[in-house]
Amino acid sequence: MLERQVIGRLGCHANGETYIVPINFVYRNNAVYGHSGNGKKIDMMRANPNVCFQIDEIIDTFRWKSAILWGVFKELKDEERQQAMQGIIHRIMPLTDRPGEEPSHGISEDKHGDIVVFKIELTKVTGKFESHEIG
């Protein structure tokens, strides 16, 4: 399921506040890779790198799967950063119906390194599903 999805929800907690936000991601080598401009989620993950990540596949009310994963935020630098960014671009850009437009946190603005590229090294996974035939 992690390899099929491209949008998940990242949960972080710092300074007594919990924050959940959708992100684009790529799954590889037991880690979730993402990118973001500097802001609230990056500040919170820097303050407390222990995060939660959730994905789902929903066909309808009676046919769905959901997974919750826990892990540790790590900011990427140098070659690892470049490789992760390329993986994100190759996974996400073909899925847009407007390839000429920039995605959120515009990937092209990364020319100056303004984008934070990160990975969540996964430590725990749990999941649930419902699969009822309607008939």
Side-chain angles (χ1 to χ4, degrees):
M1 199 164 82
L2 281 165
E3 292 172 350
R4 290 189 304 270
Q5 300 302 312
V6 294
I7 298 174
R9 289 160 204 84
L10 177 68
C12 39
H13 182 84
N15 304 317
E17 182 180 12
T18 302
Y19 186 60
I20 301 169
V21 62
I23 65 166
N24 296 318
F25 76 96
V26 172
Y27 172 74
R28 188 181 310 146
N29 302 323
N30 199 47
V32 170
Y33 293 83
H35 72 290
S36 176
N38 279 301
K40 185 172 191 140
K41 71 177 163 285
I42 297 298
D43 291 343
M44 291 179 82
M45 290 189 295
R46 285 174 176 157
N48 177 6
N50 297 306
V51 300
C52 188
F53 189 72
Q54 188 267 332
I55 60 167
D56 50 39
E57 289 181 344
I58 301 171
I59 298 169
D60 60 34
T61 306
F62 300 104
R63 294 176 293 168
W64 54 266
K65 298 175 188 175
S66 179
I68 300 175
L69 309 95
W70 288 264
V72 180
F73 163 81
K74 179 183 176 191
E75 223 168 305
L76 302 179
K77 304 288 182 198
D78 303 322
E79 182 152 340
E80 188 178 18
R81 180 187 188 282
Q82 291 295 0
Q83 289 176 352
M85 197 66 186
Q86 285 298 319
I88 292 166
I89 290 168
H90 288 292
R91 178 74 174 115
I92 294 168
M93 293 309 289
L95 301 175
T96 182
D97 61 353
R98 300 181 205 158
E101 291 185 20
E102 294 300 322
S104 75
H105 306 303
I107 290 173
S108 71
E109 77 185 46
D110 192 43
K111 293 173 189 161
H112 306 296
D114 296 336
I115 299 297
V116 176
V117 181
F118 60 90
K119 74 177 173 179
I120 307 299
E121 295 175 331
L122 301 176
T123 58
K124 181 180 171 185
V125 177
T126 187
K128 293 195 180 256
F129 71 95
E130 188 161 337
S131 180
H132 294 279
E133 289 301 318
I134 302 172

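For the single chain, residues carry numbers from 1 onward in sequence order.
Contact check for Met1 versus Arg4: side-chain heavy atoms found under the 4.5 Å cut-off. Counting heavy atoms from C-beta outward, Asp56 and Arg9 have side chains that approach closer than 4.5 Å. By the 4.5 Å heavy-atom criterion applied to side chains, Trp64 and Lys128 are counted as neighbours. Two residues are said to be in side-chain contact when any heavy atoms from C-beta on lie closer than 4.5 Å; Pro49 and Lys74 fail this criterion. Residues Tyr27 and Ile55 are not in side-chain contact: their nearest non-hydrogen atoms beyond the backbone lie 4.5 Å or more apart. No side-chain heavy atom of Leu10 sits under 4.5 Å from any side-chain heavy atom of Val32. Under the 4.5 Å side-chain criterion, counting only non-hydrogen atoms from C-beta, Arg28 is not in contact with Lys119. Contact of the Asn50 side chain with the Val72 side chain is registered, since non-hydrogen atoms from C-beta on lie closer than 4.5 Å.
Cys12 approaches Met44 most closely through the heavy-atom pair O-CE, 3.8 Å. Shown here for Phe118 and His35, the closest heavy-atom pair between the two residues is CE2-N, 3.6 Å. Taking every heavy atom of both residues into account, Asn48 and Ala14 meet most closely at CB-CB, 4.4 Å. Between Gly87 and Val26, the shortest heavy-atom distance links the atoms O-CG2, 3.6 Å.
For the atom pair Glu121 CD and Asn29 CG, the distance stands at 11.0 Å (nearest 0.5 Å). Taking OG1 of Thr126 as the reference point, atom CD1 of Ile68 lies at 7.0 Å (rounded to 0.5 Å). Note that the CD atom of Gln86 and the OH atom of Tyr33 stand 14.5 Å from one another [nearest 0.5 Å]. Expressed to the nearest 0.5 Å, how far CD1 of Ile115 lies from CD1 of Ile42 amounts to 9.5 Å. With values rounded to the nearest 0.5 angstrom, Gln54 atom CD is found 9.0 Å from Ile20 atom CD1.
Residue Val125 is tested with Leu2, Leu69, Asn30 for a side-chain contact (heavy atoms from CB on, under 4.5 Å); the sole match is Leu69.
Between Lys40 and Asp43 no salt bridge is recorded (no basic side-chain N to carboxylate O distance below 4.0 Å).
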Check against side-chain contact (heavy atoms from CB on, under 4.5 Å), Val116 and Arg46: CA-CA 11 Å; Val116 176; Arg46 285 174 176 157; 3.8 Å; yes

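Taking the six-membered ring where the residue is Trp, Phe53 and Phe25 present perpendicular rings, their angle passing 60° and hence far from 30°.
By the rule that hydrophobic residues join a cluster once side-chain heavy atoms approach within less than 4.5 Å of another member, Trp70 and Met45 end up as members of separate clusters.
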